[in-house]
Participant: 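Dropping the structure in here first, questions after.
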Amino acid sequence: MAVPCPDSGDGEQRLVKLQRLAAAGFPPFGQAFPNTRLLADLRKDFKESLAVRTAGRLMTIRDMGKSIFADLRDGSDRFQLYAGKSHTAEFDTFKHLLDAGDLIGVEGELFTTRMGEPTIRILKWTLLAKALRPLPEKWHGLKDVEIRYRQRYLDLIANPNVRRLFDQRAQAVREIREFLWAKGFREVETPMMQPQPGGAAARPFKTHYTALNTDMFLRIAPELYLKRLLVGGFDKLFELNRNFRNEGLSKTHNPEFTMLEIYQAWSDRQGMQALVQELITTVAQKVVGSLQVGRDENRIDLAPPWREVTYRDLILEKAGADWYDLAPAAARAHAISLGLAIDPAWSMTQVTHEIYEKLIERTLKNPTFVTRLPRELVPLAKVCADDDHVVDVFELVIDGKEIAPGYSELNDPREQRKRLETQSGAEAQKVDEEFLLALEHGMPPAGGMGIGIDRLVMILTGAEAIRDVILFPQLRPKSDQSSGTSNQSSVISDQ
RNA sequence: GGGCCGGUAGCUCAGUCGGUAGAGCACGGCACUUUUAAUGCUGGGGUCGCGGGUUCAAAUCCCGCCCGGCUCACCA
């Protein structure tokens with residue numbers, strides 16, 4: 001059966017093919033095609049002449065006249081197909097009306113080609129969905145980062161390494177849950193819409209709840225609710241879900257990001273350090289298969305024990321042994337001489353922290369627990385027993401990124417009120433009275449910590465930007481004037 | 001928000017000094033029954049991000065805008 005197509009644009013040609021396929025008895029958007037096997041399993045269990053049934057997306061088609069080779073792809077693998085005039089049903093329809101990108105179901109038998117390639121000899125096939133648009137370029141893949149993010153499905157089809165990365169992310173999340181479950185932690189869910197944002201210092205997203213006629217905020221952290229659950233008797237709990245912060249975008253910041261927060265009653269900062277070290281090394285072993293992670297040019301060694309160093313020692317090492325003895329004016333001058341831009345209004349704590357953030361943190365490549373931070377920086381942590389100017393916390397830094405903060409949690413409601421009121425005075429943030437009320441009922445001494453899951457996945461996979469580990473990173477919505485996908489008007493709009 | 005760089009066919013990219021818009025992949029036609037970036041011949045496909053300006057003439061020069069990337073600022 002000859003089925004020539006008109007010589008016009010690709011989109012139009014595919015529409016014509018769609019109509020001809022329908023006329024030939026192939027509904028272009030087919031029904032379920034059950035009892036298929038994954039292509040990866042066919043490869044694993046390959047047996048000559050084995051009857052198989054499978055489905056996937058046609059990726060490339062090599063038409064040799066009476067013999068056609070094609071590559072089929074599913075979520076697990078790719079596999080070669082072979083259609084021949086003498087044995088494949090509806091061969092001419094297959095030859096002329098299918099395109100790269102179409103989704104098909106296949107019944108046939110396995111064999112090995114002369115070149116040694118495991119292949120399915122197609123006996124019967126059916127159309128499961130006609131692709132009305134072409135695939136991205138098969139050799140160079142899809143490079144346009146804007147299309148990769150806005151139309152991530154094309155990125156996933158065209159770039160198998162991207163699919164692998166998101167498989168690794170999914171596996172990491174699963175391993176984290178299994179690890180914590182095995183240790184007796186319970187997963188909980190607390191409000192993402194909060195009447196008052198707390199647990200961190202960040203600008204929140206604001207919305208309005210009509211039924212209660214009240215403003216609500218997307219949470220910037222779940223911490224204050226999880227601590228209410230500590231009061232309520234959840235001794236070991238965690239929440240793994242999204243936080244939202246109304247701040248700028250960068251290689252390490254997305255306005256919605258995934259945070260794991262873990263609390264353990266009767267524990268403390270040191271207990272959490274041991275827990276996070278075991279958790280991350282376990283996940284790395286399961287997901288990456290090694291404690292040497294990242295790309296070749298940026299290897300990170302996760303082998304324990306991880307370095308532990310006080311904030312003060314890092315500052316003294318960088319700013320000089322006399323740093324904390326300097327008069328404010330001399331200290332500012334010295335900070336400026338180190339290349340920093342110092343605001344004259346800053347306190348000494350802020351100047352010192354600028355040195356930490358700009359000159360020290362980004363140099364800490366292998367995992368490092370930075371401990372004993374200034375108390376002003378962490379209002380929800382207990383002060384150290386031997387020095388109430390610093391708090392009993394760690395900041396886990398890997399590859400120069402803040403990955404996980406952990407504390408001995410402050411459970412004294414009187415002290416907590418003072419610390420929050422000091423902070424709220426400076427930042428016009430209201431004190432969360434419901435949280436303080438809970439503390440007054442008695443919160444057990446506890447260790448707590450948070451892990452930025454997106455950044456952890458960056459470490460494990462060697463991704464350079466947080467956008468590359470988030471399936472749909474935040475972008476400005478398309479406008480009519482912009483480029484990229486907006487010029488792709490629908491191929492069916494004028495039908 | 002500031003600075004720098006970019007946007008040309010569905011995709012990957014060329015486009016010289018301002019002088020008729022190009023290639024590969026993809027798509028149509030022809031040939032080929034073991035190819036795998038198949039091959040050979042051949043054909044169609046463009047709002048050069050959007051708008052304005054300069055010019056006999058603009059993808060190209062100028063201005064404004066949109067979108068993206070890098071970076072700075074912001075960011076417990």
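Lettering follows sequence order; numbering is per chain, from 1.
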Participant: Report yes if a donor N or O on one partner sits less than 3.5 Å from an acceptor N or O on the other, where the partners are the side chain of A:S67 and the base of B:U34; otherwise report no.
Facilitator: no
Participant: A cation-pi test, strictly: NZ or CZ of A:R228 under 6.0 Å from the centre of the six-membered ring of A:Y225 and no more than 45 degrees from its axis. Yes or no?
Facilitator: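 The answer is yes, since A:R228 meets both limits relative to A:Y225.
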Participant: Using a 3.5 Å distance criterion without hydrogens, assess whether the side chain of A:R455 forms a donor-acceptor pair with backbone atoms of A:T252.
Facilitator: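 Side chain of A:R455 to backbone of A:T252, a donor-acceptor pair under 3.5 Å: yes, one is there.
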Participant: Please measure how far the C1' atom in B:G10 lies from the corresponding atom in B:U71, and state the result in whole Å.
Facilitator: 32 Å
Participant: Could you tell me if A:R269 sits above the aromatic ring of A:Y407, with its cationic atom closer than 6.0 Å to the ring centre and no more than 45 degrees from the axis?
Facilitator: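 No, a cation-pi geometry is absent between A:R269 and A:Y407.
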Participant: Looking at A:F205 versus A:F217, is the centre-to-centre ring distance below 6.0 Å?
Facilitator: no
Participant: Quick one: is B:C11 close enough that its OP1 or OP2 comes under 4.0 Å of any side-chain N or O from A:K143?
Facilitator: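 Checking A:K143 against B:C11: no side-chain N or O falls below 4.0 Å of OP1 or OP2.
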Participant: Would you mind classifying the nucleic acid contact of A:G101 as base, sugar-phosphate or nothing, using non-hydrogen atoms under 4.0 angstrom?
Facilitator: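 Here A:G101 touches no strand at all.
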Participant: Is there a salt bridge (Lys or Arg N to Asp or Glu O under 4.0 Å) between A:K124 and A:E90 once you walk through the steps?
Facilitator: CA-CA 8 Å; A:K124 289 169 63 182; A:E90 297 281 355; over 6 Å; no
Participant: Give the rounded distance in Å between these two atoms: CZ of A:R150 and C1' of B:G68.
Facilitator: 8 Å
Participant: If the P atom of B:A14 is compared with that of B:C61, how far apart are they to the nearest Å?
Facilitator: 16 Å
Participant: Need the pair for B:C48. Rule: Watson-Crick or G-U wobble, both distances under 3.5 Å, any strand; none if unpaired.
Facilitator: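 For B:C48, the partner nucleotide comes out as none, under the 3.5 Å rule.
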Participant: For A:Y149 and A:F472, run ring pair (Phe, Tyr, Trp, His ring centres under 6.0 Å): C-alpha distance rounded to whole Å, both residues' side-chain angles, the deciding distance at 0.1 Å, then the answer.
Facilitator: CA-CA 6 Å; A:Y149 298 146; A:F472 297 99; over 10 Å; no
Participant: Once hydrogens and angles are ignored, does a donor-acceptor distance under 3.5 Å link the base of B:U35 to the side chain of A:E117?
Facilitator: no
Participant: Using OP1 and OP2 only, check whether a side-chain N or O of A:K251 sits under 4.0 Å from B:G69.
Facilitator: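 Checking A:K251 against B:G69: no side-chain N or O falls below 4.0 Å of OP1 or OP2.
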Participant: Does A:R312 make a cation-pi contact with A:Y324, if we ask for NZ or CZ under 6.0 Å from the ring centre and within 45° of the axis?
Facilitator: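 Cation-pi check for A:R312 and A:Y324: passes.
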Participant: Look at the side chain of A:R62 against the base of B:U35 and say whether a donor-acceptor pair falls under 3.5 Å; ignore hydrogens and angles.
Facilitator: yes
Participant: Among B:U12, B:U34, B:A73, which nucleotide sits nearest the side chain of A:F69?
Facilitator: B:U34
Participant: Among the nucleotides B:U12, B:C74, B:C11, which one has an atom lying closest to any side-chain atom of A:D144?
Facilitator: B:U12
Participant: Answer whether the closest heavy-atom distance between the side chains of A:E107 and A:L123 falls below 4.5 Å.
Facilitator: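 When only atoms from C-beta onward are counted, A:L123 and A:E107 do not touch, as no gap falls below 4.5 Å.
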Participant: Between A:M59 (CE) and B:A26 (P), how many Å, whole number?
Facilitator: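 Computing the A:M59:CE to B:A26:P distance gives 12 Å.
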Participant: Would you please confirm or rule out a distance under 4.0 Å between OP1 or OP2 of B:G68 and any side-chain N or O of A:R148?
Facilitator: no
Participant: Base, sugar-phosphate, or nothing for A:P379, non-hydrogen atoms under 4.0 angstrom?
Facilitator: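 The answer is base, as A:P379 lies within the cut-off (heavy atoms under 4.0 Å) of a base atom.
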Participant: Give A:L475 one of three labels, base, sugar-phosphate or nothing, depending on what nucleic acid heavy atoms sit under 4.0 Å from its own.
Facilitator: sugar-phosphate
Participant: What interatomic distance, in whole Å, is found between P of B:G6 and the corresponding atom of B:C56?
Facilitator: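 It comes out at 29 Å once rounded to the nearest Å.
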Participant: What nucleotide among B:G69, B:C32, B:A38 has an atom nearest to a side-chain atom of A:K138?
Facilitator: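 Among the listed nucleotides, the one closest to the side chain of A:K138 is B:A38.
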Participant: Atom CG of A:L98 and atom P of B:G28: how far apart are they, to the nearest Å?
Facilitator: 10 Å
Participant: Among the nucleotides B:G10, B:U12, B:U33, which one has an atom lying closest to any side-chain atom of A:P134?
Facilitator: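 Closest of the options to the side chain of A:P134: B:G10.
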Participant: Would you measure the distance from the P atom in B:U60 across to the matching atom in B:G53 and give it in whole Å?
Facilitator: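 Taking atom P in both B:U60 and B:G53, they lie 14 Å apart.
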Participant: Answer with base, sugar-phosphate or nothing: what part of the nucleic acid does A:S250 contact at a heavy-atom distance below 4.0 Å?
Facilitator: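 Here A:S250 touches no strand at all.
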Participant: Within this structure, what is the CG-to-P distance between A:N254 and B:G68, rounded to whole angstrom?
Facilitator: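 Roughly 13 Å, once rounded to whole Å.
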Participant: Looking at A:R467, I'd like to know whether one of its side-chain N or O atoms comes within less than 4.0 Å of OP1 or OP2 on B:C70.
Facilitator: yes
Participant: Of the nucleotides B:C32, B:G24, B:U36, which has the atom closest to the A:Q80 side chain?
Facilitator: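 Closest nucleotide among those given: B:U36.
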Participant: Can a side chain N or O of A:R476 be found less than 4.0 Å away from OP1 or OP2 on B:G68?
Facilitator: yes
Participant: Answer with base, sugar-phosphate or nothing: what part of the nucleic acid does A:G248 contact at a heavy-atom distance below 4.0 Å?
Facilitator: base
Participant: As a quick check of understanding, evaluate salt bridge (Lys or Arg N to Asp or Glu O under 4.0 Å) for A:K130 and A:D99, giving each step before the final call.
Facilitator: CA-CA 8 Å; A:K130 182 69 185 169; A:D99 291 302; 2.8 Å; yes
Participant: Could you let me know what B:U35 is paired to, Watson-Crick or G-U wobble, both distances under 3.5 Å, or none if it's on its own?
Facilitator: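 In the structure as shown, B:U35 has no Watson-Crick or wobble partner.
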Participant: Identify, between A:R78 and A:V378, the residue whose nearest nucleotide on RNA chain B lies closer to the 5' end.
Facilitator: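 First, find each residue's nearest nucleotide; the 5'-ward one identifies A:R78.
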Participant: Expressed in angstrom and rounded to an integer, what is the separation of A:L142 atom CG from B:A9 atom P?
Facilitator: 14 Å
Participant: Paired with B:C70 by Watson-Crick or G-U wobble geometry, both distances under 3.5 Å: which nucleotide is it?
Facilitator: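 Across any shown strand, B:C70 pairs with B:G3.
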Participant: Of A:H87 and A:T60, whose nearest nucleotide on RNA chain B comes first from the 5' end?
Facilitator: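 Going by which nucleotide is closer to the 5' end, it is A:H87.
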Participant: Is A:R133 near enough to B:G10 that one of its side-chain N or O atoms lies under 4.0 angstrom from OP1 or OP2?
Facilitator: no
Participant: With P as the reference atom in both, quote the distance from B:G3 to B:U8 in angstrom, rounded to an integer.
Facilitator: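 Roughly 24 Å separates the two P atoms.
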Participant: In whole angstrom, what separates A:E146's CD from B:C66's P?
Facilitator: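 Between P of B:C66 and CD of A:E146: 14 Å.
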Participant: Considering only the P atoms, how many Å lie between B:G68 and B:A21, rounded to the nearest integer?
Facilitator: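 Result for the P pair: 31 Å, nearest Å.
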Participant: Report yes if the side chains of A:D63 and A:K95 come closer than 4.5 Å at any heavy-atom pair, otherwise no.
Facilitator: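 Yes, side chains in contact.
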Participant: Using purine N1 to pyrimidine N3 plus N6-O4 or O6-N4 for Watson-Crick, or N1-O2 and O6-N3 for G-U wobble, both under 3.5 Å, which nucleotide pairs with B:U55?
Facilitator: none
Participant: Strictly by Watson-Crick or wobble contacts shorter than 3.5 Å, is anything paired with B:G28, and which nucleotide is it?
Facilitator: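 Matched B:G28 with B:U42 under the 3.5 Å cut-off.
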Participant: Between B:G18 and B:U55, how far apart are the two C1' atoms, rounded to whole Å?
Facilitator: 9 Å
Participant: Rounding to the closest angstrom, what is the interatomic distance between B:G52 and B:G45 at atom C1'?
Facilitator: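 My reading of the C1' atoms in B:G52 and B:G45 gives 30 Å.
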Participant: Can you tell me whether the side chain of A:Y82 and the base of B:U35 have a donor-acceptor pair closer than 3.5 Å?
Facilitator: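 Counting by modelled atom types and ignoring angles, no donor-acceptor contact under 3.5 Å is found here.
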Participant: Please pick, from B:U36, B:C32, B:C75, the nucleotide with the shortest atom-to-atom distance to any side-chain atom of A:H253.
Facilitator: B:C75
Participant: Just how far, in rounded Å, is P of B:G40 from CG of A:D63?
Facilitator: 15 Å
Participant: Any donor-acceptor pair, under 3.5 Å, between the side chain of A:H140 and the base of B:C11, if you only look at N and O atoms?
Facilitator: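 Donor-acceptor pair under 3.5 Å: no.
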Participant: In terms of side-chain heavy atoms of A:F111, which of B:C25, B:C74, B:U34 is nearest?
Facilitator: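 Of the candidates, B:U34 comes closest.
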Participant: A:E464 has an atom CD; how far is it from atom C1' of B:G69, in whole Å?
Facilitator: 13 Å
Participant: What's the closest nucleotide to the side chain of A:R121 if the choices are B:U34, B:G69, B:C74?
Facilitator: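 Given the options B:U34, B:G69, B:C74, the side chain of A:R121 is closest to B:U34.
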